[in-house]
Amino acid sequence: MAVTERIAEFVVATRCDTVPREALAVAKTAFLDCLGVALAGSKEDSAKICGAIARLESGAEQAAVLGQGFKSSALHAAFANGTAAHALDYDHSFALMGQPTAPIIPAVMSLGDALGASGAAALEAYVCGFEVTGKLALALRESTQDWHAPGTLGSIGATAACAKLLGLDARKIALALGMASSMASGVPANFGTMTKPLHVGLAARNGVLAAELAQVGYTANARALEAKGGFFDTFYAVEPQEDGPLGELGFKYALVHPGIKIKPYPCGGLTHTAIDAVLDMRARHGITGSAVESIEVLVPEHTYKRIAFKVPETGLQGKFSMGYILARALIDGRVGLEAFTDAAVRDRKVLELAEKVSMARDPAMDFGGDGSRPAKVTIRLKNGASFSRHVVHPKGSAESPLSEQELTAKFVECARRALEEPAIGQVIESVKRFETLGDIRPLCEFLIGER
């Protein structure tokens with residue numbers, strides 16, 4: 001069976017009553033986390049600019065533009081909401097790729113709002129999109145190509161989700177996936193700029209557009225994923241095997257294992273184990289910034305390449321600056337949303353400490369198939385003392401999960417940027433009983449924010 005055919009059959013067959021209860025529970029956690037992060041991200045310039053375009057070009061008030069006080073077409077809402085979901089780099093991640101959910105939930109909520117879909121239908125669509133994305137990430141793990149996966153694999157996952165929401169048959173799903181194969185993109189050279197979250201906004205839009213085009217008869221190569229010169233050949237130079245992770249679709253759920261990693265810090269996920277190490281040593285040994293002589297960070301090659309900025313000039317660059325992030329962690333005792341404004345990254349005291357941070361590749365370190373992101377941090381003090389901490393799994397992963405209270409606190413912190421307290425409570429309660437909602441439009445009304 002061809003890969004596209006396998007994916008299409010899985011999408012058609014998936015129903016809430018066939019999905020493991022544990023997977024549905026993780027899916028609801030993913031919705032709450034993604035919606036919170038998107039609400040906070042809606043106040044970032046990148047999302048506001050995309051929202052302004054959606055407002056300017058809106059021809060139909062079909063779907064909520066989260067936190068921005070208006071509705072637009074499903075296509076434009078997905079674009080703006082997807083960008084918002086990734087604007088802060090606070091969205092949860094998955095083993096062997098970046099953020100799989102950020103393109104999918106904005107696409108599902110925007111199209112679902114336009115359709116008046118039920119909560120169960122939205123959950124089914126998300127599960128389809130996540131599982132396709134997750135299994136592709138696992139199947140393509142040997143690829144050495146360097147694309148931003150939420151823009152490439154995310155386009156495929158968002159398309160699978162939207163195809164499910166529209167009730168497309170297997171033939172039309174295959175055509176939608178063929179179209180998405182030509183729409184996908186995302187280059188790491190744009191990390192540290194507004195275009196990184198744009199990758200996700202485009203992927204969410206791609207999912208809605210490809211599924212809607214397929215619904216009305218638009219054509220594509222129904223095997224563009226696996227064809228020569230197709231998606232796998234072009235983007236990853238590896239073709240997934242039918243009996244590999246994709247063969248597990250519908251039997252073993254990526255939502256359950258490896259699962260998702262909820263981010264406790266709003267910055268590049270590859271820095272999180274190093275942050276955990278610094279915060280732990282700070283708490284254990286009472287280390288202050290003024291006492292530090294040097295900080296050495298050993299990381300895998302992939303982390304070294306992606307965390308690119310020695311001294312950031314903007315808040316966005318700060319999210320990918322190991323020196324800045326660890327200096328913030330040591331001085332503030334936390335790494336929060338307020339650390340990544342343009343003004344914050346110009347803090348002279350923080351930058352002076354950031355200059356003492358050196359990051360180097362450790363050839364012995366690598367990512368594991370379980371989603372590990374190892375880092376070893378050594379802090380040397382001016383008095384000659386030295387402390388070291390090696391962290392493999394970041395806080396927020398299955399090995400070090402956030403508590404229910406921490407998950408809710410993160411949502412509330414994010415949502416307060418865009419919603420009033422009554423609306424925040426309504427969203428939390430609606431997501432708790434998401435599968436019982438007959439229509440997600442009332443939930444989407446709460447998510448719009450002040451009109």
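Just so it is clear, the model here is predicted, and its values are computed rather than measured. Every heavy atom of this structure was used, including side-chain atoms; hydrogens, water molecules and symmetry mates were not.
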Checklist line | Arg334 to Leu279 - nearest heavy-atom pair and separation | finding: N-CD2, 3.9 Å

Check: Do we see a donor-acceptor contact under 3.5 Å between the side chains of Gln145 and Ser143?
Finding: no

Check: Within 45° of the ring axis of Tyr90 and under 6.0 Å from its six-membered ring centre, is that where the NZ or CZ of Lys410 lies?
Finding: yes

Notebook entry, point to check: Got a sec, which residues hit salt bridge (charged side-chain N to carboxylate O under 4.0 Å, His left out) with Glu435, two or more places apart in sequence or on another chain?
Noted result: Lys28

Checklist line | Residue pair Arg433 / Leu437: nearest heavy atoms and the distance that separates them | finding: NH1-CD2, 3.2 Å

Checklist line | Tyr236 versus Thr144, side-chain donor and acceptor atoms under 3.5 Å | finding: no

Note to self: Do Thr4 and Glu226 pair up side chain to side chain, a donor and an acceptor below 3.5 Å, judged on atom types alone?
What the structure shows: yes

Notebook entry, point to check: Per the side-chain contact (heavy atoms from CB on, under 4.5 Å) rule, which among Gln99, His86, His148 passes with His199?
Noted result: His148

Check: About how many Å separate OG of Ser321 and CG of Leu316, when rounded to the nearest 0.5 Å?
Finding: 12.5 Å

Next item on the list: Could you grab the distance from atom OG1 of Thr159 to atom CG of Leu209, nearest 0.5 Å is fine?
Entry: 8.5 Å

Margin query: Test of understanding: with side-chain contact (heavy atoms from CB on, under 4.5 Å), list the residues that count as partners of Ser403, not counting sequence neighbours.
Written below: Gln405, Glu406

Item checked: Nearest atoms (heavy-atom pairs only) where Pro103 meets Ala204 -> O-CB, 3.3 Å

Next item on the list: Please round to the nearest 0.5 Å and tell me the distance separating atom OG of Ser42 and atom CG of Leu66.
Entry: 7.0 Å

Margin query: In the structure I gave you, are the side-chain heavy atoms of Tyr253 and Glu131 within less than 4.5 Å of one another anywhere?
Written below: yes

Item checked: Pair Lys263 + Asp33: basic N to acidic O under 4.0 Å -> no

Next item on the list: Kindly say whether the aromatic ring centers of Phe320 and Phe309 come within a distance under 6.0 Å.
Entry: no

Notebook entry, point to check: Between Tyr265 and Thr271, is any pair of side-chain heavy atoms under 4.5 Å apart?
Noted result: no

Note to self: Parallel, tilted or perpendicular, judged at 30° and 60°: which one describes the rings of Phe434 and Phe31?
What the structure shows: tilted

Next item on the list: Not counting sequence neighbours, which residues clear salt bridge (charged side-chain N to carboxylate O under 4.0 Å, His left out) with Glu212? List them please.
Entry: none

Note to self: Under a 3.5 Å cutoff, is there a donor and acceptor pairing between the side chains of Thr273 and His393?
What the structure shows: no

Next item on the list: Using the six-membered ring wherever Trp is involved, compare the ring planes of Phe235 and Trp147 and label them parallel, tilted or perpendicular (cut-offs 30° and 60°).
Entry: perpendicular

Checklist line | Nearest heavy atoms of Ala211 and Leu168, plus distance in Å | finding: O-CD1, 3.7 Å

Check: Just checking, is any N or O donor in the side chain of Tyr304 or Asp362 under 3.5 Å from an acceptor N or O on the other one?
Finding: no

Next item on the list: Inspect the contact between Asp276 and Arg389 and indicate whether a charged nitrogen and a carboxylate oxygen are less than 4.0 angstrom apart.
Entry: no

Item checked: Minimum heavy-atom distance between Ala125 and Val108, given as atom pair plus value -> CB-CG2, 4.0 Å

